[in-house]
K.L.:
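Below are the structure tokens for one structure; questions will follow.
For ligands, and for the atoms within them, numbers begin at 1 and follow the listed sequence.
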Amino acid sequence: MSPVNFSEDEVTRMHDDAKKYLVQRWEPRPGYKPLILTHGDGVYFWDAKRKKYLDLMSQLYNVHIGLNNREVIEAAKKQLDEMAYASPSYSNVPQIQLAKKLAQITPGDLCKTFFGNSGTEANEVAIKLAQLYRGSSKIISYWDAYHGSTYAMVSVGGSSRNRQSPGLSIFEEFKHVPSPYCYRCTFKKEYPECDLLCADFVRYTIEKEGAKSVAAFMAEPICSWAGQVVPPDSYWQKIRKICDETGVLMIFDEVMTGFARTGKMFACEHWNIVPDIETYAKGITSGYVPLGATIVNKKIADHFDEKGFPHSYTYSGHALACATSLAVIDIYIKENLADRAAKMGDYMMDELRGMQDRQPVIGDVRGLGLFMGVELVANRETKEGLQSKDLTPEQKKDPTHNPMVYLSDRAKEKGLIISSAPGTGILRMMPYLIITEEQVDEGLRLLEETLEETCKKFGYPKKG
Ligand SMILES: Cc1ncc(COP(=O)(O)O)c(C=O)c1O
């Protein structure tokens with residue numbers, strides 16, 4: 001199939017209808033017209049005007065295997081022909097097969113899965129399981145994290161973008177701690193002299209709250225919204241030990257980092273630790289259909305085998321979603337996409353570090369595999385952020401005031417899709433795992449060109 005070509009009038013009408021009939025997500029930009037996508041192939045997509053884009057975000061960092069993969073589409077079609085859906089009161093074949101597959105490919109004794117439809121639901125299930133298992137309600141997580149958009153997840157994720165809308169209910173018993181963001185350490189320390197004070201602060205918080213009242217500590221192994229925060233060596237081992245000693249469960253949200261993204265099938269493998277509960281979505285189906293999953297270790301599984309878990313969705317273990325996921329996981333394994341992400345990540349990281357040598361606006365480049373962050377700064381010595389704190393909410397959305405908005409708008413005009421962690425100067429680089437060196441080169445050439453234009457327009461680097 002080739003890209004569809006809509007006329008100017010048709011595109012205008014679709015934009016008008018989108019504005020008229022769709023609830024706007026997040027902070028709407030006045031007059032902004034989101035692209036209307038019609039076609040995808042590998043790492044490229046086309047809009048309704050038939051313009052082609054190279055996408056360094058793999059849509060919403062989820063289409064790991066690339067767009068329009070025929071093997072997966074055929075597997076989904078086959079399942080639709082056989083049985084698209086079965087009530088969760090029964091079992092269905094792909095659901096059982098997928099639960100078995102997850103038990104096989106996840107580390108340690110993670111063994112039983114509850115299926116939902118999204119990352120938010122997977123996380124909601126994780127904290128509910130933890131609370132019921134522990135008989136206590138408090139959850140500790142990071143400030144600046146995002147774990148989903150339902151009420152519980154807005155409360156777990158500390159990101160102010162989610163929490164500060166007037167009128168929103170927030171669960172006050174959910175507590176937050178700083179992430180191990182070494183580039184801008186909350187405690188103004190440097191690793192390794194800091195002796196992982198940020199991990200000690202987790203223990204301190206658990207003890208002050210009362211360990212018995214805390215159900216779980218929940219985090220992404222590499223916190224994305226806080227800025228692609230790769231923790232220092234032994235941070236996770238120390239947190240695992242703290243959880244073991246206090247009895248608090250450890251939940252990893254691997255919605256973004258799971259399924260080969262970081263150069264391992266699951267990011268927890270980088271530190272050789274196994275959480276008590278892990279959550280998945282995004283890469284579990286590479287976005288071809290919605291699916292979320294929460295996997296638990298043996299002791300938690302045994303508990304709920306006896307007690308039961310008072311929770312269900314109409315679409316738990318959806319046959320189409322599970323069959324699609326099995327086909328996607330086959331591709332991760334067959335094409336060794338974790339190794340590929342590791343190698344291509346090394347290549348892209350080297351290229352980005354080269355760019356950092358040439359472009360003083362790049363303060364830091366970090367990441368693992370194809371999960372990277374490029375932190376832009378107005379001044380490298382002072383680490384002054386790119387965005388002025390004095391911008392009004394309107395100016396923050398305006399490309400003439402906000403350099404990050406200008407940067408992504410200009411890149412889009414050139415046919416390149418990039419995006420930043422909201423409200424930060426951190427570009428998140430999470431391309432499709434099938435990206436080639438030539439495509440990385442093409443994307444980074446366009447990125448550097450756009451960065452130079454942005455610096456010229458906004459007067460970066462600033463003098464100290
Ligand atoms: C780390 C993380 N957790 C949870 C979610 C929520 O997933 P979903 O949008 O599928 O509900 C997201 C979404 O971007 C995420 O990045």
K.L.:
Which pairs would a plain distance check flag for residues 217-227, meaning a side-chain donor or acceptor within less than 3.5 Å of a matching protein atom at least two apart in sequence or in another chain?
P.N.:
residue : atom : partner : partner atom : Å
E220    : OE1  : S224    : N            : 2.9
S224    : OG   : Q228    : OE1          : 2.6
S224    : OG   : R428    : NH1          : 2.8

K.L.:
Of all the atoms in ligand 1, which lie at a distance below 4.0 Å from a heavy atom belonging to N123?
P.N.:
3 (N), 4 (C)
K.L.:
Which ligand 1 atoms does S118 reach within 4.0 Å, using its non-hydrogen atoms?
P.N.:
10 (O), 11 (O)
K.L.:
Considering distance alone, does some N or O of T120 sit under 3.5 Å from an N or O of ligand 1?
P.N.:
yes
K.L.:
Which bit of T279 gets closer than 4.0 Å to ligand 1, counting heavy atoms only: side chain, backbone, both or neither?
P.N.:
neither
K.L.:
For ligand 1, is there an N or O atom under 3.5 Å from any N or O atom of D253?
P.N.:
yes
K.L.:
Considering non-hydrogen atoms of the protein only, which is the closest contact for atom 12 (C) of ligand 1, and what is the distance?
P.N.:
Y146 CE2, 3.7 Å
K.L.:
Taking 4.0 angstrom as the limit and counting only heavy atoms of M256, give me the atoms of ligand 1 inside it, by number and element.
P.N.:
16 (O)
K.L.:
Could you tell me whether K282 and ligand 1 have an N or O pair separated by under 3.5 Å?
P.N.:
yes
K.L.:
Can E375 and R184 be counted as an ion pair, charged N to O under 4.0 angstrom?
P.N.:
yes
K.L.:
Give the numbers and elements of all ligand 1 atoms closer than 4.0 Å to a heavy atom of E220.
P.N.:
1 (C)
K.L.:
May I ask you to say whether K299 pairs ionically with D276, meaning some side-chain N is under 4.0 Å from a carboxylate O?
P.N.:
yes
K.L.:
Might you point out which heavy atoms bring V214 and E209 nearest each other, and give the distance in Å?
P.N.:
CG2-CB, 3.9 Å
K.L.:
Quick one: do K412 and D47 make a salt bridge, cutoff under 4.0 Å?
P.N.:
no
K.L.:
Under 4.0 Å between a Lys/Arg side-chain N and an Asp/Glu carboxylate O for E173 and K138?
P.N.:
no
K.L.:
Counting non-hydrogen protein atoms only, what is the nearest one to atom 10 (O) of ligand 1? Give residue, atom name and distance.
P.N.:
G119 N, 2.8 Å
K.L.:
Going by side chain to side chain donor-acceptor pair (under 3.5 Å), name the residues that satisfy it together with D55, two or more places apart in sequence or in a different chain.
P.N.:
Y432
